[in-house]
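All figures in this text were calculated on a predicted structure; none of them were measured in a lab. Atom set for the values below is all heavy atoms of this structure, side chains included, hydrogens, waters and symmetry mates excluded. Order of the sequence lines fixes the chain letters, A, B, ..., with proteins taken first and strands second; residue numbering starts at 1 for each chain.
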Amino acid sequence: MLTNLPTWTTDRVELLKSHFEAGLTCREIAASIGVSRNAVIGKLARLQLTRGPARAEPRPTKVARERSRKSIPRLQYQILQAVYENAHPLENAQPLQEEPIMSERRCSLIELSNERCRWPIGSPGAEDFCFCGNTPVEGMPYCSGHTRLAYRPGTRQRVSRA
DNA sequence: CCCTGATTCGC
DNA sequence: GCGAATCAGG
């Protein structure tokens, strides 16, 4: 195999520029030159050629995006689901069991406030559905126990489709 | 859903 | 430097 095919030769770059100035779309330019659309776009970017003004808000870096996805609050039923899945084997001492969280001041939706833990208890829509109502951690929507539950990182959600 | 250009980042 | 992946917007 030829290891060094010069992708962007001088004449290809000239074709790129002329087609770009002619107003062809990147896809059309790519087809005409025989490269991928991304290759054209990437080369144009490196040549500092753009049609419109660059996007106002630079999007967060990949690392930042992955980080922000790590500690998302999980719904109660998702946690219960995980518990059931991990509870199959006979010996399962305590997979992710900690001290039970007592909710002594359960309240309804309309009674929620910044002073009441917003952790849902029961099934939404059910007759006895309510919220924990404990005093939240400062600046958090949940009490200390439910904050630990909701924001414990590391447990990946299963979203994969079969 | 399709398309577009723009950006990031592993290679 | 290159371009696939991924984004935002139409």
Side-chain angles (χ1 to χ4, degrees), chain A residues 1-89 95-96 98 101 109-110 112-126 129 131-132 136-162:
Chain A
M1 319 167 188
L2 299 181
T3 56
N4 43 4
L5 332 167
T7 48
W8 286 110
T9 58
T10 307
D11 42 321
R12 279 190 176 186
V13 173
E14 281 193 43
L15 274 178
L16 171 71
K17 287 180 182 173
S18 59
H19 286 156
F20 174 81
E21 284 159 22
L24 295 181
T25 68
C26 290
R27 176 163 295 286
E28 290 167 332
I29 298 173
S32 140
I33 298 182
V35 297
S36 72
R37 187 180 74 99
N38 273 332
V40 169
I41 292 175
K43 185 58 178 175
L44 285 175
R46 265 169 260 125
L47 293 174
Q48 309 281 337
L49 294 177
T50 55
R51 285 187 210 278
R55 196 157 352 114
E57 189 174 334
R59 56 183 169 107
T61 68
K62 190 182 185 182
V63 179
R65 274 183 276 117
E66 287 174 353
R67 281 195 67 79
S68 68
R69 201 175 307 193
K70 272 181 182 171
S71 279
I72 57 174
R74 285 167 292 142
L75 295 176
Q76 182 189 37
Y77 78 86
Q78 290 175 319
I79 295 170
L80 291 174
Q81 204 171 37
V83 169
Y84 287 135
E85 286 177 5
N86 291 338
H88 285 159
L96 37 100
E98 298 185 9
I101 300 168
L109 173 63
I110 56 169
L112 281 181
S113 72
N114 289 341
E115 307 307 317
R116 311 296 288 271
C117 172
R118 298 171 185 270
W119 190 264
I121 295 177
S123 303
F129 179 66
F131 295 86
C132 168
V137 176
E138 174 67 24
M140 303 294 275
Y142 305 126
C143 66
S144 60
H146 287 134
T147 294
R148 266 184 270 112
L149 262 189
Y151 294 98
R152 179 159 47 200
T155 310
R156 295 268 16 144
Q157 254 184 66
R158 284 173 183 74
V159 189
S160 60
R161 295 279 93 180

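With rounding to whole Å, L47(A) atom CG is found 8 Å from dC2(C) atom P. Residue Q48(A) contributes atom CD, which lies 12 Å from atom P of dA6(B) at whole-angstrom precision.
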- [ ] Dump the intermediate steps for side chain to side chain contact (heavy atoms under 4.5 Å, CB included) on I101(A) and L149(A), then the final yes or no.
- [x] CA-CA 10 Å; I101(A) 300 168; L149(A) 262 189; 4.0 Å; yes
TODO: Might you work through the side chain to side chain donor-acceptor pair (under 3.5 Å) test for N38(A) and S36(A), ending with a clear yes or no?
DONE: CA-CA 5 Å; N38(A) 273 332; S36(A) 72; 5.6 Å; no
- [ ] For W8(A) and V35(A), run side chain to side chain contact (heavy atoms under 4.5 Å, CB included): C-alpha distance rounded to whole Å, both residues' side-chain angles, the deciding distance at 0.1 Å, then the answer.
- [x] CA-CA 10 Å; W8(A) 286 110; V35(A) 297; 4.3 Å; yes
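At the heavy-atom level, R51(A) lies under 4.0 Å from the strands shown only through sugar-phosphate atoms.
In this structure, S32(A) contributes its side chain and E28(A) its backbone to no donor-acceptor pair below 3.5 Å. No side-chain donor-acceptor contact under 3.5 Å links R118(A) to the backbone of F131(A).
Within a heavy-atom distance below 4.0 Å of DNA chain C, the residues of residues 17-45 of chain A found are S36(A), N38(A), A39(A), K43(A).
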